[in-house]
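What follows is a short report on a single structure.
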Amino acid sequence: MTQPLVGKQILIVEDEAVFRSLLDSYLVSLGAITRLAGDGVEALEQIASAMPDLLICDLAMPRMNGLTLVERIRNTGNQMPILVISATENMSDIARALRLGVQDVLLKPIKDLNRLRETVFACLYPSAFNSRVEEEERLFQDWDALVSNPQAAASLLQQLQPPVQQDIAHCRVNYRQLVSADKPGLVLDIAPLSDNDLAFYCLDVTRAGDNGVLAALLLRALFNGLLQEQLARQRQRLPELGILLKQVNQLLRQANLVGQFPLLVGYYHSTLKNLILVSAGLNASLNTGGHQIQVSNGVPLGTLGNTYLNQISQRCDAWQCQVWGAGGRLRLMLSTE
């Protein structure tokens with residue numbers, strides 16, 4: 001299992017021993033450093049000794065309840081992320097907690113640990129998560145309009161292109177692109193999955209006409225969520241990108257998007273220094289300084305009901321990936337901080 005919370009200190013404030021232990025075990029399995037408190041008084045003592053990156057607290061607790069604890073913390077000007085997990089059915093308590101500035105409220109019992117993981121991730125990495133949520137909402141609210149207005153779809157896709165240089169997941173990332181100025185060609189997206197890993201893909205939209213642009217928008221909305229779900233479910237720390245591309249192929253068919261969709265996807269873990277690449281129809285070469293590797297281009301998505309892909313994995317702390325196809329050429333460069 002991947003550990004997206006490595007190095008993050010989380011204080012769990014919960015008076016129920018069994019649920020406290022469940023939270024503790026699960027967050028530790030994701031790499032977090034946890035501390036435990038049974039009520040608000042203990043929590044304030046712990047905060048005074050060391051500030052956590054995230055506070056998770058119940059509302060109903062002895063000595064000092066969760067609302068009083070949150071109020072005490074906020075009254076000092078402390079804006080640490082706070083996640084409330086409670087069995088309360090009192091909506092006024094939930095509303096008060098939100099007014100006090102907690103990031104989110106989950107109700108017990110928690111039956112879906114993936115939901116807990118996503119919520120904790122959103123509390124710790126609000127900029128990455130919120131921008132993605134806003135993009136998804138914007139996309140699906142306007143999906144029918146985009147299908148009927150190819151020019152609007154292409155314009156939206158252009159607006160969503162990532163900056164040519166950025167620092168994410170302890171890496172400096174930049175890219176250079178040669179494409180036609182008047183129409184989309186190779187579409188790049190890159191985003192963090194956690195503090196220690198990132199994912200990216202490059203899609204050639206030219207071989208599927210208007211459906212290529214729609215496929216790029218669909219992929220942008222769903223790609224990171226699919227990858228995070230896979231990482232959460234499997235035991236190994238690195239993803240199987242071939243499996244991910246089969247899921248994407250299935251989604252394209254379900255969305256009735258017909259055509260060929262040449263796609264290259266990648267994953268990089270900045271702590272493990274591990275890069276994974278797989279191509280479905282795009283030409284690519286990888287330069288790690290000591291090695292020059294040609295990536296087998298495989299078969300574009302949309303061509304077959306199933307995809308059969310080769311995945312390469314390299315350990316490196318800096319690399320350059322050249323990608324080319326009918327839609328142009330692109331060079332993506334990364335170096336760790």
Side-chain angles (χ1 to χ4, degrees), residues 1-130 133 192-196 228 231-233:
M1 179 180 289
T2 190
Q3 294 189 306
L5 302 182
V6 168
K8 295 298 182 183
Q9 297 198 21
I10 300 178
L11 175 57
I12 301 169
V13 191
E14 169 64 62
D15 63 320
E16 279 185 41
V18 173
F19 187 63
R20 185 172 64 229
S21 177
L22 183 149
L23 287 177
D24 182 30
S25 299
Y26 182 65
L27 294 172
V28 167
S29 76
L30 296 178
I33 302 165
T34 58
R35 290 185 285 147
L36 308 177
D39 57 39
V41 175
E42 288 183 28
L44 288 178
E45 292 172 353
Q46 296 234 25
I47 291 169
S49 64
M51 189 67 63
D53 297 300
L54 172 67
L55 174 75
I56 297 177
C57 74
D58 193 4
L59 290 182
M61 296 182 292
R63 294 205 293 173
M64 182 187 292
N65 65 33
L67 286 174
T68 303
L69 171 63
V70 173
E71 189 170 22
R72 292 272 189 95
I73 291 170
R74 292 298 187 238
N75 284 345
T76 66
N78 189 326
Q79 295 301 313
M80 82 168 81
I82 299 176
L83 169 61
V84 167
I85 302 180
S86 173
T88 185
E89 296 180 356
N90 189 335
M91 292 307 297
S92 66
D93 283 347
I94 295 174
R96 186 179 169 198
L98 292 170
R99 280 199 302 272
L100 288 169
V102 306
Q103 270 57 43
D104 210 337
V105 177
L106 293 179
L107 296 180
K108 298 176 183 175
I110 294 179
K111 297 178 181 179
D112 184 358
L113 289 178
N114 282 332
R115 170 77 190 285
L116 172 62
R117 179 184 185 275
E118 290 171 4
T119 305
V120 168
F121 184 85
C123 290
L124 287 167
Y125 309 103
S127 59
F129 185 84
N130 290 339
V133 169
L193 296 172
S194 77
D195 228 12
N196 298 297
Q228 286 176 340
L231 288 167
R233 288 180 176 177

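Since we're looking at a predicted model, the values are computed, not measured.
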Distance in Å, L83 CG paired with Q103 CD, rounded so as to fall on 0.5 Å steps: 8.5 Å
Where I10 and A32 come nearest, the two heavy atoms and their spacing: CD1-CB, 3.8 Å
Residue of the set M64, Q46, M61 for which side chain to side chain contact (heavy atoms under 4.5 Å, CB included) holds with V41: M64
I33 side, atom CD1; Q9 side, atom CD - distance, nearest 0.5 Å: 5.0 Å
Partner set under side-chain hydrogen bond (donor to acceptor under 3.5 Å, both in side chains) for R20, not counting sequence neighbours: none
Note: R35-E42 ion pair, threshold 4.0 Å (strictly below): no
Atom pair CG/CG of L55 and L11 - distance to nearest 0.5 Å: 5.0 Å
Candidate pair V84 and L59, rule side-chain contact (heavy atoms from CB on, under 4.5 Å), full reasoning: CA-CA 7 Å; V84 167; L59 290 182; 3.7 Å; yes
Separation of N75 CG from L100 CG (nearest 0.5 Å): 8.0 Å
Reported OH-to-CG distance for the pair Y26 and L5, which is rounded to 0.5 angstrom: 8.5 Å
side-chain hydrogen bond (donor to acceptor under 3.5 Å, both in side chains) involving T68 - partner list, sequence neighbours excluded: N65
Test side-chain contact (heavy atoms from CB on, under 4.5 Å) applied to D93 and S86, step by step: CA-CA 10 Å; D93 283 347; S86 173; over 6 Å; no
side-chain contact (heavy atoms from CB on, under 4.5 Å) assessment of L27 paired with V120: CA-CA 9 Å; L27 294 172; V120 168; 4.3 Å; yes
Closest contact, heavy atoms only, I110 versus F19: CD1-CZ, 4.1 Å
Trace of the side-chain contact (heavy atoms from CB on, under 4.5 Å) decision for L44 with I73: CA-CA 8 Å; L44 288 178; I73 291 170; 4.2 Å; yes
Nearest non-hydrogen partners of L54 and C123, listed with the distance: CD1-CB, 3.9 Å
Distance in Å, D104 CG paired with L98 CG, rounded so as to fall on 0.5 Å steps: 7.5 Å
Minimum heavy-atom distance between G7 and D53, given as atom pair plus value: O-OD2, 3.9 Å
Heavy atoms of other groups near R74 CZ, more than 12 under 6.0 Å: yes
Side chain proximity check, I47 to M80, heavy atoms < 4.5 angstrom: yes
Non-hydrogen atoms of A60 and D15 that approach each other most closely: O-OD1, 3.4 Å
Heavy-atom check, side chain of I85 versus side chain of L107, under 4.5 Å: no
Donor-acceptor pair, side chain of E14 and main chain of D58, under 3.5 angstrom: no
Non-hydrogen atoms of R96 and L67 that approach each other most closely: NH1-CD1, 3.9 Å
Other residues, nucleotides, ligands: >12 heavy atoms within 6.0 Å of R115 CZ: no
